[in-house]
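Below: the structure, in structure tokens.
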Amino acid sequence: GNYIPYTKIVAPQKKQMATFGAKSKFGEKTSASVEVALSNNDRNTFSKLDSGDNFGVAVKTTAEQYIVKTEKNSLSFDVNYEFLNHNFEAVEYFRETEFTRDWNIGSYYANSHCENVAGGHIRYANRKHGNSLYTTSYINRGVEYSGWKNDFSSDYRLGTWRISGNASLLASADSLNKTQFLRHKLDISKTFGKIIIGAREEGERNVWHNTEGNLLANSYSYSQYEGFAGTSDSARQKFTLSYKFRNDRKQSLDILKDATRAHDFSLSSEVGGKNNHRLKATINYRLLQVRDTLLYTAEPEDNLTGKLEY
């Protein structure tokens, strides 16, 4: 016949990693550290062929300097550098969960080039009001990929007001594409006793172009706005009322065009009783309008949902 009975034997593998480092302080406001990692990733311990790529090395160095350091305020900055040999592979992931998405990058590790990462932070913290953080990072994988990302986040309380937000901007390029990825979030609220009233905003715009300058199909953007009112977390009886509007855009020829618009109305309540008994109810009304049937092929939505928990 044309078939033979067989069982595929999976070769035994071995993955090892050793790390060591050092950190030193130079006075009260200056410090520096270095960390080195060695990896051994043998994909077939039965064979000694093609073992030249088993061993890899990674190095990370950091230097930090405080400009102001008091009981109420602190201002500091640091610079850091990382080097990853193209054969290095850690036992566990050591980067952010959404590293590939954050950087518009195709793989967790470089394929055939060494990776160089340089960056820095500027931090400001006020013990009473809040803190701010600015981060800049650059990744280079030779002709495979290069990207520069800037991030800013802040969280402040001014009396009964709270203002928090973050934003990031990425510009990247590889051998086939160039991208620009902008993200931002803002949350403003004010407390009136046990009542909180506020507004939120967030959006993303991720634009991909090929080497000829054409807009690619995986480009998108959305904008979302929300208004809400409710009780504080410390209240025994809780309620929240909110309205949310979202506009999604997708690629159409060389522009981003409106695809859908969504309206969400939500009311939730939580009642606490004796002996840790709690009753929680949520009602949500959603209206989804399709702006372009070529960009969004599903049906419009007009539904009411509810949830009751005890």
Side-chain angles (χ1 to χ4, degrees), residues 13-43 45 51-127 130-155 166 168-170 172:
Q13 301 181 9
K14 180 173 65 176
K15 182 177 285 190
Q16 299 172 310
M17 188 175 75
T19 63
F20 56 92
K23 184 175 182 179
S24 179
K25 286 189 175 183
F26 306 93
E28 295 183 358
K29 296 183 178 181
T30 307
S31 64
S33 64
V34 59
E35 184 177 1
V36 179
L38 304 174
S39 69
N40 177 24
N41 186 28
D42 191 345
R43 292 177 172 83
T45 59
S51 298
D53 59 353
N54 289 356
F55 295 94
V57 61
V59 180
K60 180 178 181 179
T61 60
T62 302
E64 183 177 14
Q65 174 69 50
Y66 275 90
I67 301 173
V68 177
K69 190 175 183 180
T70 65
E71 292 185 359
K72 294 183 178 181
N73 297 282
S74 66
L75 176 63
S76 65
F77 72 91
D78 69 65
V79 292
N80 55 78
Y81 170 74
E82 297 179 28
F83 170 82
L84 277 73
N85 175 264
H86 66 277
N87 293 327
F88 177 80
E89 188 171 334
V91 174
E92 296 179 350
Y93 290 144
F94 60 94
R95 283 168 166 159
E96 302 87 350
T97 304
E98 296 191 345
F99 169 77
T100 54
R101 180 177 183 269
D102 291 343
W103 286 89
N104 280 345
I105 198 169
S107 61
Y108 194 84
Y109 292 106
N111 294 320
S112 58
H113 289 78
C114 296
E115 179 174 296
N116 294 275
V117 183
H121 304 81
I122 300 176
R123 302 179 182 87
Y124 171 75
N126 180 278
R127 186 175 181 181
N131 57 80
S132 296
L133 172 65
Y134 168 72
T135 304
T136 183
S137 304
Y138 175 75
I139 294 180
N140 184 280
R141 293 180 174 178
V143 296
E144 288 183 29
Y145 175 88
S146 65
W148 182 30
K149 187 160 72 78
N150 293 274
D151 299 86
F152 178 79
S153 61
S154 184
D155 187 3
N166 59 74
S168 69
L169 178 62
L170 165 73
S172 70

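Looking at His86 and Glu115, their side chains never come closer than 4.5 Å, going by heavy atoms from C-beta outward. Residues Val36 and Val57 form a side-chain contact, since some pair of their non-hydrogen atoms from C-beta on lies under 4.5 Å apart. Between Lys69 and Ser76 the shortest side-chain heavy-atom distance does not fall below 4.5 Å. Between Phe99 and Ile105, the closest side-chain pair of non-hydrogen atoms falls below 4.5 Å. A 4.5 Å side-chain heavy-atom check between Asn41 and Phe88 finds every atom pair outside the cut-off. Taking the side chain as every heavy atom from C-beta outward, Asn80 and His121 approach each other to under 4.5 Å. The side-chain heavy atoms of Arg123 and Asp78, taken from C-beta on, include a pair separated by under 4.5 Å.
Taking both residues in full, the closest heavy atoms of Ser172 and Asn104 are given as OG-CB, 4.1 Å, listed atom of the first, atom of the second, then distance. Residues Ser39 and Asn87 share a closest heavy-atom pair of OG-O, 4.1 Å. In terms of heavy atoms, Phe83 sits closest to Cys114 at CE1-CB, 3.7 Å. In this structure, Asp102 and Leu170 approach most closely via the heavy-atom pair O-CD2, 3.4 Å. Closest heavy-atom contact between Asn166 and Ser153: CB-CB, 3.9 Å. Pairing each heavy atom of Ser74 with each of Tyr66, the nearest pair is CB-CE2, 4.2 Å.
Summarising the geometry, atom CG belonging to Asn73 is positioned 11.0 Å from atom CZ belonging to Arg127; distances are rounded to the nearest 0.5 Å. The CG atom of Asp155 lies 12.0 Å from the CG atom of Leu133; values are rounded to the nearest 0.5 Å. The OG atom of Ser154 sits 6.5 Å away from the CG atom of Asn131 when rounded to the nearest 0.5 Å. Annotation: the span from Ser137 atom OG to Lys149 atom NZ amounts to 6.0 Å, rounded to 0.5 Å. Rounding to the nearest 0.5 Å places CD of Glu82 at 9.0 Å from CD of Glu35.
Between Tyr109 and Phe94, the ring planes are tilted. Angles from 30° to 60° get that label. Taking the six-membered ring for Trp and thresholds of 30 and 60 degrees, Tyr145 and Trp103 have ring planes more than 60 degrees apart, a perpendicular arrangement.
Checking Tyr134 against Asn150 by side-chain atom types alone, a donor-acceptor pair falls below 3.5 Å.
A 6.0 Å sphere centred on CZ of Arg95 holds more than 12 heavy atoms belonging to other residues, nucleotides or ligands. The number of heavy-atom neighbours closer than 6.0 Å to CD of Gln13, taken from other residues, nucleotides and ligands shown, is above 12.
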Would Phe77 and Ile67 count as a side chain to side chain contact (heavy atoms under 4.5 Å, CB included) if you check the C-alpha gap in whole Å, the side-chain angles of each, and the deciding distance to 0.1 Å?
-> CA-CA 8 Å; Phe77 72 91; Ile67 301 173; 3.9 Å; yes
Apply the test side chain to side chain contact (heavy atoms under 4.5 Å, CB included) to residues Tyr138 and Asn116: give CA-CA distance (whole Å), side-chain angles for both, the deciding distance (0.1 Å), then the verdict.
-> CA-CA 8 Å; Tyr138 175 75; Asn116 294 275; over 6 Å; no
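When atom types are taken as modelled, the side chain of Glu144 and the backbone of His113 share a donor-acceptor pair closer than 3.5 angstrom.
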Side-chain donor-acceptor pairs under 3.5 Å in residues 15-26, sequence neighbours left out?
| residue | atom | partner | partner atom | Å |
| --- | --- | --- | --- | --- |
| Lys15 | NZ | Glu89 | OE2 | 3.1 |
| Gln16 | OE1 | Asn40 | ND2 | 3.0 |

